[in-house]
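One structure is given below, encoded as structure tokens.
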Amino acid sequence: MLAFGVQAKMNVVATTADLASIAKEIGGDKITLVTLAKPTEDPHFVDAKPSFIVKLNHADMVIEGGAELETGWLPALLNQSRNDKLTAGAPGHVKCSTGVSMLDVPATLDRSRGDIHAAGNPHFAISPSNGKIIAQTIAAAFAENDPANANAYRANLKTFIAALDARLVEWQKTLAPFKGRSVVAYHDSWPYFAREFGLKIELFLEPKPGIPPTPSHLAEVIAKMKSEAARVIIVDAYLNRRTAETVARETGATVVPVSQFPGGIKGTEGGYIQLLDQLVGSLASAFNANK
Ligand SMILES: [Zn+2]
């Protein structure tokens, strides 16, 4: 068990801005928080700076998504940070995928096909129900690592979940008229969000997660978009918007810039709840404009 004095705050490192935002809600003023990936960066391919090693070396805890989201860059950094508190299985190493029902877990693992979602879809955080699970996981980990402040973490968890639940009712209302609508995404980041709100997000500009679009694949997507009357294409800020715009021209669709990460696009800097507010609002506007 680690001991933190009156002055000492837990040094927490989060891999991505969504997890950091939830950690901030739970940790409040009891923690100091560093986020590694920029909210405008592809979480699969983060530029692993040497400064990250120093940050991890000084950390009491690391919070990652897990499910192989950060597999391309985090393990090597953790290795080089030589921090026993953060080794896999240690109380200081938190995997937010714990307790989440993973979608799209492949029956057989074949990395040769280039699919970077080899452990199931790792973009589970962009779903309010999973946001609650993540908050619970983080709160339990904070309480375990810093028992003196366990009550504060529990209270913050309660407040956050109440706020999220209240907004979820509104988000469900906003998207209810669009149940069953087909939405196209550049990258397959949205199955949890789609399930939560009854949307169909099953067409992707990438032929496989992490594999750039090809002309033959795009032709297929365009044909399916026409048959399914899919008129909305969502694109993360770090992906190629031009491809989406080309497809949109062919199909009369609207390109909607989105982010999975607070701060990834304008109007989402306020954190996880504001991010979902923005996402739900921009989708509803796009649906309304494409009746
Ligand atoms: Zn992905």
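Indexing begins at 1, ligand by ligand and atom by atom, following the structure's order. This is a predicted model, so every value here is computed, not measured. For reference, positions follow the sequence shown, starting with 1. All values below were derived from every heavy atom in this structure, side-chain atoms included, with hydrogens, water molecules and symmetry-related copies excluded.
For the pair Lys30 and Asp146, the salt-bridge criterion is not met [side-chain N within less than 4.0 Å of a carboxylate O]. One finds no salt bridge joining Lys208 and Asp188 here, because no Lys/Arg side-chain nitrogen approaches an Asp/Glu carboxylate oxygen to under 4.0 Å.
At a cut-off of 2.8 Å, measuring from the Zn ion (ligand 1), the protein N, O or S atoms that fall short of it are His44 NE2, His117 NE2, His123 NE2, His187 NE2, waters left aside.
Atoms OG and CD1, on Ser21 and Ile273 in that order, are 8.0 Å from each other to the nearest 0.5 Å. How far CG of Leu74 is from CG of Leu56: 6.5 Å, rounded to the nearest 0.5 Å.
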Hey, can you pull the donor-acceptor pairs under 3.5 Å for the side chains in residues 43-51, sequence neighbours left out?
| from | atom 1 | to | atom 2 | distance (Å) |
| --- | --- | --- | --- | --- |
| His44 | NE2 | His117 | NE2 | 3.3 |
| His44 | NE2 | His123 | NE2 | 3.1 |
| His44 | NE2 | His187 | NE2 | 3.4 |

| message | Using side-chain contact (heavy atoms from CB on, under 4.5 Å), reason through Asn121 and Trp190 one step at a time and then give a plain yes or no. | response | CA-CA 9 Å; Asn121 193 299; Trp190 311 96; over 6 Å; no

